[in-house]
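Below is one structure, written out as structure tokens; comments come after it.
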Amino acid sequence: MIIVLKSNQSQESVDRFMKKLTTAYDVQVNTWVGASSTVLGLIGDTTAIDDEYIAAQEVVESVRRVQEPYKKANRKFHPEDTAVTLPGGQRIGGGGLALIAGPCSVESEAQICGIAERVKASGAQFLRGGAFKPRTSPYAFQGMKAEGLELLSEAKKKTGLPIVTEIMSIDHLPLFEDVDVIQVGARNMQNFELLKQLGRLRKPILLKRGLANTVEELLMSAEYIMAGGNEQVILCERGIRTYETMTRNTLDISAVPVLKRLSHLPVIVDPSHASGINWLIEPLALAAAAIGADGLIIEVHNDPSHALCDGAQSITPDQFDGLARKVTQLSGMVKGL
């Protein structure tokens, strides 16, 4: 249930009304204060609440019920866009286009530090790199694990770029102290026990859509994290599995405006995993920028043909440099319309 309060109400009146709600009903009240009004979001069992009684209260402007099962991620509860901001000032959401770039997998200190320096020079604000790699084949390279996280930290020290890397298990959480944005991969989007644990943290979570999951299921996974108290969630469209075989996945570009209409959370796009083909990354990235995405996460490797993981969907630092200029310019034009 959403309650919009009348403008120019005293804080004392608002507090008194909120106390009445929490005392009389088994609900949690979330508050959003806008420029012209205050919105209260009631989360819990609201079936016993009489809409007409609430609407008759002096401080209330209007009342409406929310049918969607996701509440905290719902734009109806939080009309303004959420921006996830790191202590260093890097931001995803709230205008602009955040660029997250780096190799699929950390392979050596020289490799990750060299790529970090190149992508930063091209305008990337975040460094991505896999230390723990979920692979379809048990015989494929699984990542450098804890050592990979240490090398990412070295690259962070040299460049100042915040780290974005994927977690695969609750047991690995102690290793992620120096990680700035924890990524939940497509295969773990509905690992609910992991999502609950991440909800107890106070650091941003980049949540990727599952290979065969709906938009609503993605938002419900975000709800798991937010229900635990962590509202710093970034949604990522990374392609879904369809009957098409010309690309690795099918980028659901329509998911970006749909998610931004339904939710206040920032939405980024991963054109690398969506296509699986390096020459498709630039056009898909441009499409994401044109449709209003808040950021891109792109795989960049200094020698894609010899990459230990996903070289076919990686671009070189030089290619990223050209792409970054184009998408930044396009995003600025679109957001200025």
Problem - Enclosure of Glu61 CD (heavy-atom neighbours >12, cutoff 6.0 Å) - result: yes
Exercise for the section: Enumerate the residue pairs fulfilling side chain to side chain donor-acceptor pair (under 3.5 Å) with a member in residues 223-238, sequence neighbours excluded, ordered by first and then second residue. Expected result: Arg209-Glu237
Handout entry: Any side-chain donor near an acceptor of the partner, Asn191 and Glu193, under 3.5 Å
Key = no
Practice task
Tell me, with the steps shown, if Lys158 and Glu154 meet salt bridge (charged side-chain N to carboxylate O under 4.0 Å, His left out).
Solution key: CA-CA 6 Å; Lys158 290 184 177 180; Glu154 285 300 312; 5.6 Å; no
Handout entry: Partner of Ile92 under side-chain contact (heavy atoms from CB on, under 4.5 Å), chosen from Leu97, Leu265, Thr85, Ile100
Key = Ile100
Practice task
Could you tell me whether the side chain of Ile297 reaches within less than 4.5 Å of the side chain of Cys236, counting heavy atoms only?
Solution key: yes
Exercise for the section: Taking Ser263 for its side chain and Arg75 for its backbone only, find out whether a donor-acceptor pair lies under 3.5 Å. Expected result: no
Fill in the blank from the handout: Closest non-hydrogen atoms of Glu217 and Ala212, given as atom of the first, atom of the second and distance, are OE1-O, 4.4 Å
Handout entry: Sidechain-backbone polar pair: Thr22 side chain, Lys19 backbone, donor-acceptor under 3.5 Å
Key = yes
Practice task
Run the salt-bridge test on Asp310 and Arg248 with the 4.0 Å N-O cut-off and return the result as yes or no.
Solution key: yes
Practice task
Determine, stepwise, if the pair Lys156 / Leu152 fulfils side-chain contact (heavy atoms from CB on, under 4.5 Å).
Solution key: CA-CA 6 Å; Lys156 176 182 175 180; Leu152 282 166; over 6 Å; no
Exercise for the section: Mind checking the CE-CE spacing from Met226 to Met220? Nearest 0.5 Å is all I need. Expected result: 12.0 Å
Exercise for the section: Supply the atom-to-atom distance Ile240 CD1 to Asp252 CG, rounded to the nearest 0.5 angstrom. Expected result: 4.5 Å
Problem - Heavy-atom side-chain contact between Leu262 and Tyr70 under 4.5 Å - result: yes
Practice task
Start with the C-alpha distance between Glu107 and Ile112, add both sets of side-chain angles, then the distance that settles side-chain contact (heavy atoms from CB on, under 4.5 Å), and finish with yes or no.
Solution key: CA-CA 7 Å; Glu107 298 172 7; Ile112 188 63; over 6 Å; no
Problem - Under 3.5 Å donor-acceptor, Asp270 side chain and His273 backbone - result: yes
Practice task
Check whether more than 12 heavy atoms from other residues, nucleotides or ligands sit under 6.0 Å from atom CG of Asp26, and answer yes or no.
Solution key: no
Problem - Lys203 side chain vs Glu177 backbone, donor-acceptor pair below 3.5 Å - result: yes
Exercise for the section: For residues Phe126 and Leu161, determine if any side-chain heavy atom of one lies less than 4.5 Å from a side-chain heavy atom of the other. Expected result: no
Handout entry: Asp303 side chain to Ser305 side chain, donor-acceptor N/O pair below 3.5 angstrom
Key = yes
Handout entry: Shortest non-hydrogen separation from Leu195 to Asn188 and the atoms involved
Key = CD2-O, 4.5 Å
Problem - Euclidean distance, Ile298 CD1 relative to Leu99 CG, rounded to 0.5 Å - result: 6.5 Å
Handout entry: Donor + acceptor pair across side chains of Ser10, Ser13 (<3.5 Å)
Key = yes
Practice task
Establish, from distance only, whether the side-chain atoms of Thr46 and Arg65 form a donor-acceptor pair under 3.5 Å.
Solution key: yes
Handout entry: Modelled atom types, side-chain donor and acceptor of Gln190 and Asn213, under 3.5 Å
Key = yes
Exercise for the section: Answer yes if Leu175 and Ile182 sit in the same cluster of Ile, Leu, Val, Met, Phe, Trp and Tyr residues linked by side chain heavy atoms under 4.5 Å apart, and no otherwise. Expected result: yes
Handout entry: Any side-chain donor near an acceptor of the partner, Thr316 and Asp318, under 3.5 Å
Key = no
Problem - ring-ring contact (aromatic ring centres under 6.0 Å, His included) involving Phe132 - partner list, sequence neighbours excluded - result: His172
Practice task
Determine, using the 4.5 Å side-chain heavy-atom cutoff (strictly less than), whether Phe77 and Val27 are members of one ILVMFWY cluster.
Solution key: no
Exercise for the section: Specify the closest pair of heavy atoms between Leu127 and Ala155, including all atoms of both residues, with the distance to one decimal. Expected result: CD2-CB, 3.7 Å
Handout entry: CG-CD distance between Asn249 and Gln313, expressed to the nearest 0.5 angstrom
Key = 9.0 Å
Problem - Whether His306 side chain and Leu308 backbone form a donor-acceptor pair below 3.5 Å - result: no
Problem - Nearest-0.5 Å distance that lies between atom CG in Leu42 and atom CG in Leu21 - result: 5.5 Å
Exercise for the section: Determine the minimum heavy-atom distance between Pro266 and Asp294, stating which atoms define it. Expected result: CA-OD2, 3.4 Å
Exercise for the section: State plainly whether one hydrophobic cluster holds both Val14 and Val4, where clusters connect Ile, Leu, Val, Met, Phe, Trp and Tyr through side-chain heavy atoms under 4.5 angstrom apart. Expected result: no
Handout entry: Any donor-acceptor pair under 3.5 Å from Thr250 side chain to Thr242 backbone
Key = no
Practice task
Mark yes or no for whether Ser331, through its side chain, and Val327, through its backbone, hold a donor-acceptor pair below 3.5 Å.
Solution key: no
Handout entry: Residues, nucleotides or ligands: over 12 heavy atoms within 6.0 Å of Asn8 CG
Key = no
Exercise for the section: Determine, stepwise, if the pair Leu40 / Asn30 fulfils side-chain contact (heavy atoms from CB on, under 4.5 Å). Expected result: CA-CA 6 Å; Leu40 304 182; Asn30 286 355; over 6 Å; no
Practice task
Check whether Val106 and Met168 end up in the same hydrophobic cluster, where Ile, Leu, Val, Met, Phe, Trp and Tyr are linked by side-chain heavy atoms less than 4.5 Å apart.
Solution key: yes
Exercise for the section: Answer yes or no: is there a donor N or O on one side and an acceptor on the other, between the side chain of Arg202 and the main chain of Gly199, under 3.5 Å? Expected result: yes
Exercise for the section: In sequence, state the C-alpha distance, the side-chain angles, and the governing distance for Gln183 and Val164, and then conclude on side-chain contact (heavy atoms from CB on, under 4.5 Å). Expected result: CA-CA 6 Å; Gln183 175 181 307; Val164 180; 4.2 Å; yes
Practice task
Using a cut-off of 6.0 Å, state whether more than 12 heavy atoms not belonging to Glu52 lie near its atom CD.
Solution key: no
Completion exercise
So CD1 of Ile268 and CG of Leu259: to nearest 0.5 Å the spacing works out to 12.0 Å
Practice task
Without swapping roles, check the side chain of His301 against the backbone of Cys309 for a donor-acceptor pair under 3.5 Å.
Solution key: no
Exercise for the section: Find out if a path of hydrophobic residues (ILVMFWY) with successive side-chain heavy-atom gaps under 4.5 Å connects Leu286 to Val267. Expected result: yes
Problem - Which atom of Pro257 lies closest to which atom of Ile291, heavy atoms considered - result: CD-CD1, 3.7 Å
Problem - Shortest non-hydrogen contact from Ile54 toward Val60 - result: O-CG2, 3.3 Å
Problem - Any donor-acceptor N/O pair, Lys76 side chain to Arg64 backbone, under 3.5 Å - result: no
Handout entry: Gln125 side chain to Lys120 side chain, donor-acceptor N/O pair below 3.5 angstrom
Key = no
Handout entry: Heavy atoms from other residues, nucleotides or ligands near CZ of Arg261 exceed 12 (cutoff 6.0 Å)
Key = no
